[in-house]
Amino acid sequence: MIGTILGQRYEILEKIGSGGMGNVYKAHDRRLDRIVAIKILKTEYNADENFIRKFKRESLAAASISHPNIVSIYDVGAEEIGQDSIYYIVMEYIEGRTLKEIIMEEGPIAPNRALNYTIQIAEALKVAHGKNIVHRDIKSQNIMVTRDNRVKVTDFGIARVAGNSTVTMTNSVMGSVHYFSPEQAKGAKVDHRSDIYSMGIVLYEMLTGDVPYDAENPISVALMHIQNPLPPPSSINPIITPSLDYLVDKMTKKDSKDRYSNVDEIIKNIKDLLMNRKPFGGATKSTIPIDKGDIQRAQVVQKDILSGQIPKDKKYRSKDKKKKNSGPLLGAFVAILLFLGILFVGYKFLTREPKPDDMIIPVPSVIGMNVEEAKTILEEKEFIVALTNKEVDDREPNIVLEQDPEEGTEIEKGSTVQLVVSTPVEEVLVPNVQNRSLDEARKILSDAGLALGSIRDPEYSDSVDEDLVIRTNPEIGTSVKPGTEIDIFPSKGPKEELAVVPELRGITVKKATQYLEERGLEVGEVSEEYHSSVEEGLIFYQKYQSGNNIPVGTKVDVKVSLGPEKIVDEETEVNSNSLKNIDLKVDVPDDNETHSFQIHRIRGNDKTTIKSGSLDQSNVITVDGKKGDVYQIFIDGKIEKTIEVD
């Protein structure tokens, strides 16, 4: 696919990923001169017409979602390449790593950072759920994290509008089994609470460094989601607090009715944890009994983890999931050790001394500051800064618009401060529609997110054919806001240079040629006819009247006289002295068009066509006749008049 151009605009540059449904490529959008990501559906799905219809429908539904924490979908298309049909989605290109890559490289993520990521994932789902769209495939591989710690949820292209048909285990494109909700694993109907379950598994993975369920085959993992209790994160990572255990447990209840009912509740609980450190879910000082011997033994585990002596290859985990046949004594020892770790951490959490005054400080106001200045101030006070962009067109870019917590709120050092930063409304370039028809220009503008404005008065152009687009206002290549109306200037074609027609009647063709060439005109068709009153060899007719203005280069047809016609009656020799010249006026419509004519002569019982030709203006035709002759004049095949010679 490298080098292929899709939709006459997207040039494939390199492959950057793959999944169950298709491959992802980095591409260059030639029309808007920007880098995009393109997911191309695997050709093995092309034979499934229902799947293709669903793919198109769901991609268009996903394109309606717009949020800073969601990867934008720009375009959906299809292309015939050779014998194959290519179906693709064009998306925002994100520079960063997937959450899965971060966890694999760094191990468990610090709780504050993990909770900040979870809030951003929840904000993305809040928008989708508000449009009745369920993602169905929330997993760490589908979550991008930018260099400034902004989360971007991707792959809404395989979402389905809630309430449609159910997902079954045979539908391999609907997500990874390690993050399945129990209802997905059963093939039952799902709703937004299935996304909440999967998000809980992602949070679990961030806090512990691994997913909770794993086995040799997907069916076994799915059954674990349905049957096995979820081990609390603190059983894997003893620094996890009871409130965090409760949060994960509430998100991952087996019965969807027991989970959080919406992501708003999750966001509120997480903000309570981050800002106020309020325990919830029954995590109070009286709920966990404490034994000093247990604390001393568990302290060794916590010290090794906090000091980094246990490496990030997860050797601190309570179990090796692939070695399920370890001896019972080893299993009992590990279980006791983990239980003691829980006791110690619970004791430390519930009986912790109040923080020193210098650890709880008020949040300064950074609203209105440049984002870099704001980050410097907050980081100097040992806060973690998370950024969210908001498009505005009435503020300069990179200015802090909002902050959470608000100014003066007292929080602990190391807490996260969320900043909303101004960013310009993304502009688009006016595409090149020159030499395009109006219909083509309208489609090109629409594809670029712009609208066709006024059709201005046509202009002359030596390089653009008539009725095609010469230019636009704003000009081609100008950066404008999406939805801007673009005015179109069509072409009238080249501006015609005119010349005055000279008088050609009564002169030779050679002389007429000279006169016409001097004016930039040419001699056209030359025909010869008998003429009773014009000397042989001289012009008696010209197509355009003298004095008229006609375009330079026009050809002027002329007729040259053969002199008087000599007629001999084959049946009876007739003395030419008995004939006389008869002038017949041929009247043609005055419409500057050329018309055909015929003159029929009726003499006795004989009817003969004696003249025919074409005229663009009324003229007098001279014929030879005698008394009793009848002449019929036809214009464009219809008889115009009849004349009898006296």
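One-based numbering along the sequence shown.
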Enquirer: With a 4.5 Å cut-off on side-chain heavy atoms, are Ile89 and Asp75 touching?
Expert: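 Sidechains of Ile89 and Asp75: no contact.
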Enquirer: Looking at NE2 of His135 and CD1 of Ile121, how far apart are the two atoms once the value is rounded to the nearest 0.5 Å?
Expert: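 His135 atom NE2 to Ile121 atom CD1 measures 10.0 Å (nearest 0.5 Å).
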Enquirer: Ring pair (Phe, Tyr, Trp, His ring centres under 6.0 Å) with His28: which residues, sequence neighbours excluded?
Expert: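 His28 satisfies ring pair (Phe, Tyr, Trp, His ring centres under 6.0 Å) with no other residue.
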Enquirer: For Ile411 versus Pro405, what's the shortest heavy-atom pair and its separation?
Expert: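 Shortest heavy-atom contact: CD1-CG, 4.0 Å.
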Enquirer: Between Ser194 (side chain) and Ser181 (backbone), is there a donor-acceptor pair under 3.5 Å?
Expert: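 Such a contact is absent between Ser194 side chain and Ser181 backbone.
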Enquirer: Which pair of non-hydrogen atoms, one from Ser415 and one from Leu274, has the smallest distance, and what is that distance?
Expert: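 Nearest pair, atom of Ser415 first, then Leu274: OG-O, 3.4 Å.
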Enquirer: Would you say that Glu14 contacts Tyr25 through its side chain, given a criterion of any heavy-atom pair below 4.5 Å between the two side chains?
Expert: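 Counting from C-beta outward, Glu14 and Tyr25 never come under 4.5 Å.
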Enquirer: Salt bridge (charged side-chain N to carboxylate O under 4.0 Å, His left out) between Glu106 and Arg113: does it pass, once the steps are laid out?
Expert: CA-CA 13 Å; Glu106 301 179 8; Arg113 181 179 169 198; 3.0 Å; yes
Enquirer: Measure the NZ-CG distance between Lys381 and Leu378 for me, rounded to the nearest 0.5 Å.
Expert: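 Rounded to the nearest 0.5 Å, the NZ-CG separation comes to 9.0 Å.
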Enquirer: Count the heavy atoms belonging to other residues, nucleotides or ligands that lie under 6.0 Å from CD of Glu406, then report whether that count exceeds 12.
Expert: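 No.
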Enquirer: Knowing that exactly one of Ile38, Val24, Ile35 qualifies, which makes a side-chain contact (heavy atoms from CB on, under 4.5 Å) with Tyr93?
Expert: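 Exactly one option meets the side-chain contact (heavy atoms from CB on, under 4.5 Å) with Tyr93, and it is Ile35.
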Enquirer: Run the side chain to side chain donor-acceptor pair (under 3.5 Å) test against Asn228 and tell me which residues pass, sequence neighbours left out.
Expert: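 Per chain and number, Asn228 pairs via side chain to side chain donor-acceptor pair (under 3.5 Å) with no residue.
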Enquirer: Rounded to the nearest 0.5 Å, what's the gap from CG on Leu244 to CG on Leu207? Could you check?
Expert: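 Interatomic distance, Leu244 CG to Leu207 CG, rounded to 0.5 Å: 5.5 Å.
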Enquirer: Can a donor-acceptor pair be found between the side chains of Gln120 and Asn69 at a distance below 3.5 Å?
Expert: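 The criterion, which ignores hydrogens and geometry beyond distance, is satisfied for Asn69 and Gln120.
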Enquirer: With heavy-atom distances below 4.5 Å as the criterion, would you say the side chains of Val151 and Thr146 are in contact?
Expert: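 SC-SC contact between Val151 and Thr146 ruled out.
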Enquirer: Residues two or more places apart in sequence or in another chain: which of them pass side chain to side chain donor-acceptor pair (under 3.5 Å) with Lys253?
Expert: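 Counting only residues at least two positions away or on another chain, Lys253 forms a side chain to side chain donor-acceptor pair (under 3.5 Å) with Asp249.
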Enquirer: Do Leu99 and Val202 make a side-chain contact, defined as non-hydrogen atoms from C-beta onward lying under 4.5 Å apart?
Expert: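 With C-beta onward as the side chain, the pair touches.
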Enquirer: Let's go through Asn262 and His129 carefully: what are the C-alpha distance in whole Å and the side-chain angles of both, what is the deciding distance for side chain to side chain donor-acceptor pair (under 3.5 Å) to 0.1 Å, and is it a yes or a no?
Expert: CA-CA 9 Å; Asn262 57 66; His129 294 171; over 6 Å; no
Enquirer: So Asn398 and Thr423, do their side chains get closer than 4.5 Å, heavy atoms only?
Expert: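 In short, these two side chains do not touch, never coming nearer than 4.5 Å.
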Enquirer: Does Arg31 qualify as a cation-pi partner of Tyr10, given the criterion of NZ or CZ under 6.0 Å from the six-membered ring centre and within 45 degrees of its axis?
Expert: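 No - Arg31 does not lie over the ring of Tyr10 by the 6.0 Å and 45° rule.
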Enquirer: Is the backbone N or O of Met144 less than 3.5 Å from a side-chain atom of Thr98, with the two atoms forming a donor-acceptor pair by type?
Expert: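 Judged by distance alone, no pair lies under 3.5 Å.
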Enquirer: Salt bridge between Glu183 and Lys189, side-chain N to carboxylate O under 4.0 Å?
Expert: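 Result for this pair is no, no salt bridge flagged.
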Enquirer: Using only atom types and a distance under 3.5 Å, with no angle test, would you say the side chain of Gln184 pairs donor to acceptor with the backbone of Arg136?
Expert: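 Side chain of Gln184 to backbone of Arg136, a donor-acceptor pair under 3.5 Å: yes, one is there.
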Enquirer: Any side-chain donor-acceptor pair under 3.5 Å between Ser140 and Tyr179?
Expert: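 A pair is found: one side chain offers a donor N or O, the other an acceptor, under 3.5 Å apart.
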Enquirer: Would Asp258 and Lys250 satisfy salt bridge (charged side-chain N to carboxylate O under 4.0 Å, His left out), going step by step from the backbone distance to the final call?
Expert: CA-CA 7 Å; Asp258 296 330; Lys250 181 73 171 174; over 6 Å; no
Enquirer: If you take all heavy atoms of Tyr204 and Asp210, which pair is closest and at what distance?
Expert: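 Heavy atoms of Tyr204 and Asp210 come nearest at CD2-O, 3.5 Å.
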Enquirer: Assess whether a salt bridge exists between Asp155 and Lys39, defined as any Lys/Arg side-chain N lying under 4.0 Å from an Asp/Glu carboxylate O.
Expert: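 Yes, Asp155 and Lys39 are salt-bridged.
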Enquirer: Under the salt bridge (Lys or Arg N to Asp or Glu O under 4.0 Å) test, which residues partner Lys126, sequence neighbours left out?
Expert: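 Residues passing salt bridge (Lys or Arg N to Asp or Glu O under 4.0 Å) with Lys126: Asp264.
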Enquirer: Using every non-hydrogen atom in the two residues, find where Tyr213 and His178 come nearest and quote the distance to one decimal.
Expert: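 Heavy-atom minimum between the residues: O-CD2, 3.3 Å.
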Enquirer: Does a side chain donor of either Asp195 or Ser198 reach within less than 3.5 Å of an acceptor in the other side chain?
Expert: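 Absent: no donor and acceptor within the cut-off.
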Enquirer: Under a 4.5 Å cut-off applied to non-hydrogen side-chain atoms, are Ser220 and Asn217 in contact?
Expert: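 Yes - at least one pair of side-chain heavy atoms lies under 4.5 Å apart.
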Enquirer: Please check if the side chain of Ser234 supplies one atom and the backbone of Pro238 the other of a donor-acceptor pair under 3.5 Å.
Expert: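 No; zero donor-acceptor contacts below 3.5 Å.
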Enquirer: Treating Thr118 as the side-chain partner and Ala114 as the backbone partner, does any N or O pair qualify as donor plus acceptor under 3.5 Å?
Expert: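 Side chain of Thr118 to backbone of Ala114, a donor-acceptor pair under 3.5 Å: yes, one is there.
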Enquirer: State the CD1-OH distance between Ile109 and Tyr117, to the nearest 0.5 angstrom.
Expert: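 Between Ile109 CD1 and Tyr117 OH, I get 6.0 Å after rounding to 0.5 Å.
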Enquirer: Answer yes when Lys26 and Glu95 have at least one side-chain N-carboxylate O distance shorter than 4.0 Å, and no when they do not.
Expert: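 Judged by the 4.0 Å cut-off on N to carboxylate O distance, Lys26 and Glu95 do not form a salt bridge.
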Enquirer: Which of these, Met199, Arg193, Met251, sits in a side-chain contact (heavy atoms from CB on, under 4.5 Å) with Tyr260?
Expert: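 Option passing the side-chain contact (heavy atoms from CB on, under 4.5 Å) with Tyr260: Met251.
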Enquirer: Can a donor-acceptor pair be found between the side chains of Thr416 and Asn112 at a distance below 3.5 Å?
Expert: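 Side-chain D/A pair, Thr416 to Asn112: absent.
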Enquirer: Sequence neighbours left out, what passes ring pair (Phe, Tyr, Trp, His ring centres under 6.0 Å) with Tyr197? Give chain and number order.
Expert: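 Partners of Tyr197 by the ring pair (Phe, Tyr, Trp, His ring centres under 6.0 Å) criterion, ordered by chain and then number, come out as His225.
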Enquirer: Give me the atom names and distance for the closest heavy-atom approach of Leu273 to Ser243.
Expert: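 Shortest heavy-atom contact: CD2-CB, 3.5 Å.
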Enquirer: If you measure from OG1 on Thr154 to CD1 on Ile94, what distance do you get to the nearest 0.5 Å?
Expert: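 It comes to 8.0 Å.
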Enquirer: Quick one: does Lys152's side chain have a donor or acceptor within less than 3.5 Å of a partner on Pro68's backbone?
Expert: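 Yes, Lys152 side chain to Pro68 backbone: donor-acceptor pair under 3.5 Å.
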Enquirer: Less than 3.5 Å apart, which donor and acceptor atoms pair up between the side chains of residues 363-376 and the rest of the protein, not counting sequence neighbours?
Expert:
{"from": "Asn370", "atom 1": "OD1", "to": "Glu372", "atom 2": "N", "distance (Å)": "2.9"}
{"from": "Thr376", "atom 1": "OG1", "to": "Glu372", "atom 2": "O", "distance (Å)": "2.9"}

Enquirer: Under a 4.0 Å N-O cut-off, is there an ion pair linking Glu205 with Lys139?
Expert: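 Salt bridge flag = no for Lys139 with Glu205.
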Enquirer: Whether Arg259 and Glu265 form a salt bridge (side-chain N of Lys/Arg under 4.0 Å from carboxylate O of Asp/Glu) is what I want to check.
Expert: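 Judged by the 4.0 Å cut-off on N to carboxylate O distance, Glu265 and Arg259 do not form a salt bridge.
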Enquirer: Which atom names give the shortest non-hydrogen contact between Lys271 and Asp404, and what distance separates them?
Expert: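 Answer, listing the atom of Lys271 first, then Asp404: NZ-OD2, 3.1 Å.
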Enquirer: Backbone N or O of Val248 within a donor-acceptor pair of the Thr252 side chain at under 3.5 Å?
Expert: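 Pair found, side chain donor or acceptor close to backbone of Val248.
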Enquirer: So among Thr241, Leu247, Ile240, Leu203, which one has a side-chain contact (heavy atoms from CB on, under 4.5 Å) with Pro233?
Expert: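 Answer to the side-chain contact (heavy atoms from CB on, under 4.5 Å) test with Pro233 among Thr241, Leu247, Ile240, Leu203: Ile240.
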Enquirer: Can you tell me how far apart OG1 (Thr484) and CG (Leu450) are? Round to the nearest 0.5 Å.
Expert: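 Nearest 0.5 Å value for the OG1-CG distance: 6.0 Å.
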